[in-house]
Amino acid sequence: MENLPQICVDTTDAFITTERFGTREEIIRWIKEVVINNKVNVIISRSDTETGKRGRSNKLIFGCDKGGKQKSTDIGTQSASKKCGCPFKIKSTPAKDGSGWKIDVKCGLHNHGLPDRLEGHSFIGRLTTNEKQHVADLTKRHVPPRHILLSLQDRDPENVTRITQKKDDSEVVRKIFWAHPDSVKLLNIFPIVLVMDSTYKTNKYRQPLFEIVGMKSTELTFAVAFAYMESEQTENFCWVLEKLKELFVKKDMCPQVILTDRDLALMKAIEIMFPRSINLLCRFHINKNVGAKCKQHVVNDLQKTIDTLWMEVVWASDEVEYGQRLHQLEQACVDYIGFINYVKDTWLTPHRHRFVGAWINRVLHLGNTTTNQYVL
């Protein structure tokens, strides 16, 4: 046995059994029960069926999702993959006496800590044949996905499947992420500021194209990566950002600033996946929304004045000036409570630190205050 790191968890006893299983599905079901009870991340690393050809025999091999080695990059460092060479391995083959499939624990050791929870893990979230049929039946009756998920959990309280996993067996590509190798190199050289935005319904699939853009020291931009997503939910954005994290060659590397629109799902995903990054908001789109609201509430003669006062608030260089400019705007809008409440409740109170000069001037954003110039 190779030398293992200081962290070493032995799960051998949990998987040792003399039981024989009639089918592959029975084995998988039993392994899944052990996985849930012991909070172990297991994947099917190989599944072979005997075909009569040399080297092909009936077998199932289970491994840890952290097994395998990190990929080396062209610049000699390792990718930020979650793989750490975990040696855990279980092999299942038909017994020679014909009594069924047996389980052989080749290595029950993990060279890393075990997770606190397993929700959403691909192996334990996999649906059984009966569960797939149940999902299909409810889908035909137009039952909403969240109610289908509740129904699965009512049938089996231990079920940890998430909504997206019910689609895993489909042959339809529902999300895709790609990045050019040269873009990955540039990302690792210039990781300070990233701009993220989506274009809508401009492709034949009518799906949002999510674009991630970086900036060089010469103030020239470069495309980092692109992604198609089925829907713009926090879970989907987290998936994209997880793929982005894997592009960084150092595990602790992350952008200092991420500039986006006020997309609450994306903002939440950034908070989850890049908690140390500062999420700024696009001034262009904020000003556009405020201008549209001003036209709805303010008479024509005062619209230009109000717009100027608003811009002075946005460009305030420190908190004292911000307070003065905001007071002037409030005085000018004394007869337009609906407008000033919108400005304060939607933008200034929750997000001023993301776009007002008094706060963002403290951040190394390299002059990036709008996503509009980067939209495809």
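Position 1 is the first residue of the sequence; numbering continues from there.
For the pair F62 and I31, the minimum side-chain heavy-atom distance is below 4.5 Å. The shortest side-chain heavy-atom distance between L259 and V213 does not fall under the 4.5 Å cut-off. Inter-residue side-chain proximity for D197 and E211 is flagged as unmet; no heavy-atom pair is nearer than 4.5 Å. Within the 4.5 Å cutoff, the side chain of H112 has no heavy atoms near those of the V9 side chain. Inter-residue side-chain proximity for K293 and V290 is flagged as unmet; no heavy-atom pair is nearer than 4.5 Å. Taking the side chain as every heavy atom from C-beta outward, V195 and I212 never approach each other to under 4.5 Å. Inter-residue side-chain proximity for W101 and R24 is flagged as met; some heavy-atom pair is nearer than 4.5 Å.
Atom CD of Q296 is surrounded by more than 12 heavy atoms from other residues, nucleotides or ligands within 6.0 Å.
No chain of hydrophobic side-chain contacts below 4.5 Å, direct or via other Ile, Leu, Val, Met, Phe, Trp or Tyr residues, connects I61 to I44.
Across every non-hydrogen atom of I340 and C333, the tightest pair is CB-CB, 4.1 Å. Closest heavy-atom contact between V314 and R283: O-NH2, 3.4 Å. When all heavy atoms of W30 and A14 are compared, the closest pair comes out as CH2-O, 4.1 Å. Shortest non-hydrogen contact noted between I192 and L364 is CG2-O, 3.8 Å. Annotation for V105 and G108: closest pair CG1-N, 3.9 Å, computed over non-hydrogen atoms. The two residues A332 and I306 make their nearest non-hydrogen contact at CB-CD1, 3.7 Å.
No side-chain donor-acceptor contact under 3.5 Å links D261 to the backbone of D263. Formation of a donor-acceptor pair under 3.5 Å by the H365 side chain with backbone atoms of G367 is found in this model. Under the 3.5 Å distance criterion, the side-chain polar atoms of E321 are matched with a main-chain donor or acceptor of S317. Between the side chain of E26 and the main chain of G22, a donor-acceptor pair closer than 3.5 Å is present.
Residues satisfying the salt bridge (Lys or Arg N to Asp or Glu O under 4.0 Å) criterion with R362, sequence neighbours excluded, are E319. Under the rule for a side-chain hydrogen bond (donor to acceptor under 3.5 Å, both in side chains), the partners of N300 that lie at least two apart in sequence or sit in another chain are Q303. Looking at residues two or more places apart in sequence or on another chain, you find no side-chain hydrogen bond (donor to acceptor under 3.5 Å, both in side chains) involving N289. Checked against side-chain contact (heavy atoms from CB on, under 4.5 Å), T308 has the following partners two or more places apart in sequence or in another chain: E312.
Residue pairs meeting the ring pair (Phe, Tyr, Trp, His ring centres under 6.0 Å) criterion with at least one partner in residues 294-318, sequence neighbours excluded, do not occur; the list is empty.
Using a 30° and 60° split on the angle between ring planes, F222 and F190 fall in the tilted class, from 30° to 60°. Between Y322 and W359, the angle of the ring planes goes over 60°, which puts this pair in the perpendicular group of the 30/60° scheme.
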Test side-chain contact (heavy atoms from CB on, under 4.5 Å) applied to L194 and L187, step by step | CA-CA 9 Å; L194 294 182; L187 171 66; 3.9 Å; yes

From CA spacing to verdict: side-chain contact (heavy atoms from CB on, under 4.5 Å), N368, V257 | CA-CA 9 Å; N368 293 275; V257 173; over 6 Å; no

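Y228 has its ring centre no less than 6.0 Å from the ring centre of F177. You'll find the ring centres of F355 and F284 outside the 6.0 Å limit.
E330 has a carboxylate O that lies under 4.0 Å from a charged side-chain N of K344, or vice versa, which qualifies the two as a salt bridge. By the 4.0 Å N-to-carboxylate-O rule, K106 lies close enough to D104 to be salt-bridged with it.
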Side-chain atoms of residues 264-282: list all donor-acceptor pairs with protein atoms under 3.5 Å, sequence neighbours left out, distances to 0.1 Å.
{"from": "R276", "atom 1": "NH2", "to": "D252", "atom 2": "O", "distance (Å)": "2.6"}
{"from": "S277", "atom 1": "OG", "to": "P255", "atom 2": "O", "distance (Å)": "2.5"}
{"from": "N279", "atom 1": "ND2", "to": "I258", "atom 2": "O", "distance (Å)": "3.0"}
{"from": "N279", "atom 1": "ND2", "to": "T260", "atom 2": "OG1", "distance (Å)": "3.2"}

